[in-house]
Amino acid sequence: MSQAPLRALALIAALGACSHDSAGIQEKKSGGVKMVTSALGQVLPGKKKAAAAAPQDPNALAAAALQSLQGPVIMVTFEASKAATVAAMRGQNGTMRTYQTPDQRAFVLRGGLLAGTRGFGRDLMSADTTAAGALIRAAKAGTAPRVYRYLDGDGEERPLPVSCTITPGDMVQQGPVSARQVAEHCEGSGVRLDMSYLVAGGTILASRQWVGPALGYVAIQQLRN
Amino acid sequence: MKRITGGIASAALLAGMGFAQTAHAQDQLAWSIGTLGAPGVIDTPTAESFRDGELVASVSGYSDSQRANFSFQMFPRLTATVRFSREKGLGVGGDTLKDRSFDLHLQLLKEQGWRPAFAVGLRDMFDNGFYASEYLVASKTITPRLRASVGWGWGRLGSGGSGGGTRPAPSRSGGLNSDTWFKGPSAPFASVIWQVSDKIALKAEYSDDDYAAETAANGFDNKTPLNFGVDYKINNIASVSGYLLHGSKVGFQFNIALDPRQPAAPSGLERAPIPVAPRPSRASNPQAYATDWAQDPTAQPAIQKSIGDALQKDGQVLEAMKLTPTSVDLRISNETYRANPQAIGHAARIASRALPASVETIKVTLMERGMPASTTVLKRSDIERLENGPSTQIAAVAKIGESERGNAGFVTTPGVYPRLMWGIAPYLELSPFDPANDLHADLGVTLSGRYELAPGLVIAGALRQKAIGNLDTNPKTSTSTVQHVRSDIYEYQRHGDLTIPYLTIASYGRPANDVYSRVTVGLLERMYGGVSGELLWKPVDSRLALGAEVNLVKQRDFDQRFSFRNYSTATAFVSAYYDFGNGLTGELDVGRYLARDFGATISLDREMANGWKVGAWATMTDMSGSDFGPGKFDKGIRLTIPLGYATGMPSLKSFSTMLRPYVGDGGARVNVDGRLYEALDGSQQGGLYRDWGRFWR
């Protein structure tokens, strides 16, 4: 191979792909390159993405978040990965609150019950929580239907209905407030879920809730309401 | 209203969501991929099928034989396989045979209770039929880890058998060999697959393929009709196999199976949408609903800037806006989200944060190439009430209809037009597949630019420079006996120095209700320049669309700059498009093609809500099969995989490829960018409902 083509190859490699748009929209990076590297990552055995950043000390995270963020703040810990993140309220629509994480993902809570996630890849798109939420916040025993909805691999929204039994438990002392434990057990559509809540005065202070088949359970703690 | 979401979640959903797959025995998903790329053990087939839509690429072979197979599960029961193969010593005069072949495998019955699954198949249906065989096969899952199959085969699968007389010789003319099917000697075959563990499967088969041609050419020693193999599953996508063929040869196989229903991230990894900002209730704050703001001349520009800036951050362009005290119409160009409902949902939520409370009606108009393609009318109170609810609820109250065509009352967002875009990207070009020749390729750089003078008025061009490659040394030339309207591809490929692949000015418009238009002038594509005009009638909510297209073109010189060759022609078509639902679209084009031949093209495309698209087409014209050359008529399959499938990030980009086994001069059309149906399809009712599950994403 002569020098000229080599230099040309080097130039192509260096250019990769770049673009400009006077309206500032069009993506900068080459789609083809992304697709190939991502596909290789899936096919090649053993080549896994670097593990997510090491779990931070939750107490330090909570303290820092309360200091730097205004308004309601929650801390969410994924049970499987132990990854903890804080999220600040970004929007409020009736009893529904949208909490956004620093990396711009979101948790949607309706009256403290998880009603959606955004940006995690296999998100809970929506959930019917009204009946279960009323029983849980009132710490009353009973049964309630719930429907979770997800986008399946085809890109279509699919409901996952379950039937839930809510059982109030003991009172526990949580700092200065006394709160009641409430357990919720759901079955249906091939899943069995166990969720739990700590309720005081109609507010859910802390909970363990199910996001979905892929994301599993999260622990949600209301740092500031 | 059309069904816009799927049924209740099931095991299939849970599998897609990351749960372990516990397939129903009834589905009989293939445990093993045969050496010919379809569901099978080693050389014998099974009655299994792949997952619907699955794409399986495999490479198999032993010392004297190599095969690359591409199988696609076109429908839940139909598998199609295209194969490129090399067989040592089997070609003309003892040369290596370089061949391509095509198979179909149809599952007739699913496994149910005691009844096994049944399938019928045709292998190597065209041309010289080296692998040609036909079979009927039954497969039964005996235990959750053991599956057995028995079948009866003709052609190669029955070549060691008896009876049936002599099998007719294949036609070798490129056509279907239907007169040889299920003729000649036949024999039974049988197989078992045992899944020892989740990773390893052992398999054995009885195959009466006599390997006569291989024995004669290479001394293949057919010691036994028994073949043995082992599969190792590397992960959900990749697997390898080894096998012992007739006690004589050791073969290996590598498989990659891409399931379109297993994207990297079904709901996407993009950042969360901006939430709705609800208005105060009218009862508690009637003052907020006053409309005096409309008298303030600074209000509209401030609102438009605020919405435009937020949309730009979201990857969309607010082209124009029409604001009244009670309604707004946002003309947006979605340049980020493959699913338009997601873009509409974002625009509606952004608007809820910027508009005065008195604006109750939010219309979102999707702009495609400067043409308003559809308008979704939403009540602001519905957006507030239904935020993050089931997508079916908002679908029930959203009205998708025809857009306002004129610009009356619309204010163009300052700074959007004129708009300049350019990019530099590498390109790779391959010579058309040719069994008799080696592959040639060029690598180089493309500089492309696009200048939008006004909505719907676009100048676009590209410049290409080859850096390295050997397309110029490809010895192949066209042997076509008719006008070389396409077959001179080799001559065009030889020129890689500073070519202009296209340079056009195009104007898009809305001449009447439900009607769209395009006129393109210039160097339309690498082989043709001229004028192309198109009209499309496509009501927003109609399954049927009708189009007409006329192209006056002249063939470009091989150097692909500004000069032309001595051939000009007019092509014209009328087209009908029909959306059958479930992502299935059919198209029929009737007219005059580039070589002045008359005929029709029929195409069928299937698109999933996640953007995977597969299609097939065939064109029959009055050009004779012998004039067309090998293949007799133009046909092929095409595949589009959206970039977001692999990355999980929203993007309009996709990877597209086309498999056209024979390139001839019959049934050829000009390739013009911006054909109207493709431009509008995703923005009208059918496409919007297909993707509607992403409205609140």
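Order of the sequence lines fixes the chain letters, A, B, ..., with proteins taken first and strands second; residue numbering starts at 1 for each chain. Everything numeric in this text was worked out from a predicted model, so none of it was measured.
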**Q** Could you check which of B:Gly423, B:Pro275, B:Pro418 has the highest count of heavy-atom pairs closer than 4.5 Å to chain A?
**A** B:Pro275
**Q** Counting heavy-atom pairs under 4.5 Å with chain A, which one of B:Glu270, B:Gln316, B:Arg271 comes out on top?
**A** B:Arg271
**Q** Are B:Arg694 and B:Asp691 close enough, and set up right, to give a salt bridge (Lys or Arg N to Asp or Glu O under 4.0 Å), and what steps lead you there?
**A** CA-CA 6 Å; B:Arg694 299 188 82 82; B:Asp691 295 332; over 6 Å; no
**Q** Measure distances from B:Arg353 to the heavy atoms of chain A and classify the residue's part below 4.5 Å as side chain, backbone, both or neither.
**A** side chain
**Q** Please classify the contact of B:Pro390 with chain A as side chain, backbone, both or neither, using a heavy-atom distance under 4.5 Å.
**A** both
**Q** Can you tell which part of B:Leu447 gets under 4.5 Å to a heavy atom of chain A, answering side chain, backbone, both or neither?
**A** neither
**Q** Assess A:Arg208 against A:Tyr217: is NZ or CZ under 6.0 Å from the centre of the six-membered ring, and within 45 degrees of the ring's axis?
**A** yes
**Q** Can you tell me if B:Gln262 and B:Tyr645 form a side-chain donor-acceptor pair at under 3.5 Å?
**A** no
**Q** Is B:Gln312 in contact with chain A via its backbone, its side chain, both, or neither, using a 4.5 Å heavy-atom distance?
**A** both
**Q** Using a strict threshold of under 4.0 Å (side-chain N to carboxylate O), is an ion pair present between A:Arg146 and A:Glu184?
**A** yes
**Q** Classify the side-chain pair B:Asn610/A:Asp154 by whether it contains a donor and acceptor separated by less than 3.5 Å.
**A** no
**Q** In terms of heavy-atom pairs under 4.5 Å, which option from B:Gly449, B:Ser267, B:Ala265, B:Gly469 contacts chain A the most?
**A** B:Ser267
**Q** In terms of side-chain geometry, is the basic nitrogen of B:Arg419 or B:Glu335 positioned less than 4.0 Å from the acidic oxygen of its partner?
**A** yes
**Q** Within the side chain of A:Gln222, is there an N or O that forms a donor-acceptor pair under 3.5 Å with the backbone of A:Arg224?
**A** yes
**Q** Looking just at side-chain N and O atoms, do A:Thr85 and A:Thr101 make a donor-acceptor pair shorter than 3.5 Å?
**A** no
**Q** List the steps and the verdict of side chain to side chain contact (heavy atoms under 4.5 Å, CB included) for B:Tyr232 and B:Lys199.
**A** CA-CA 6 Å; B:Tyr232 178 75; B:Lys199 290 271 180 198; 3.9 Å; yes
**Q** So, A:Asp128 and A:Arg110, do they make that salt bridge, N to O below 4.0 Å?
**A** no
**Q** What part of A:Arg149 gets closer than 4.5 Å to chain B, counting heavy atoms only: side chain, backbone, both or neither?
**A** side chain
**Q** Using only non-hydrogen atoms and a strict under-4.5 angstrom cutoff, which residues of residues 91-98 of chain A touch chain B?
**A** A:Gly91, A:Gln92, A:Asn93, A:Met96, A:Thr98
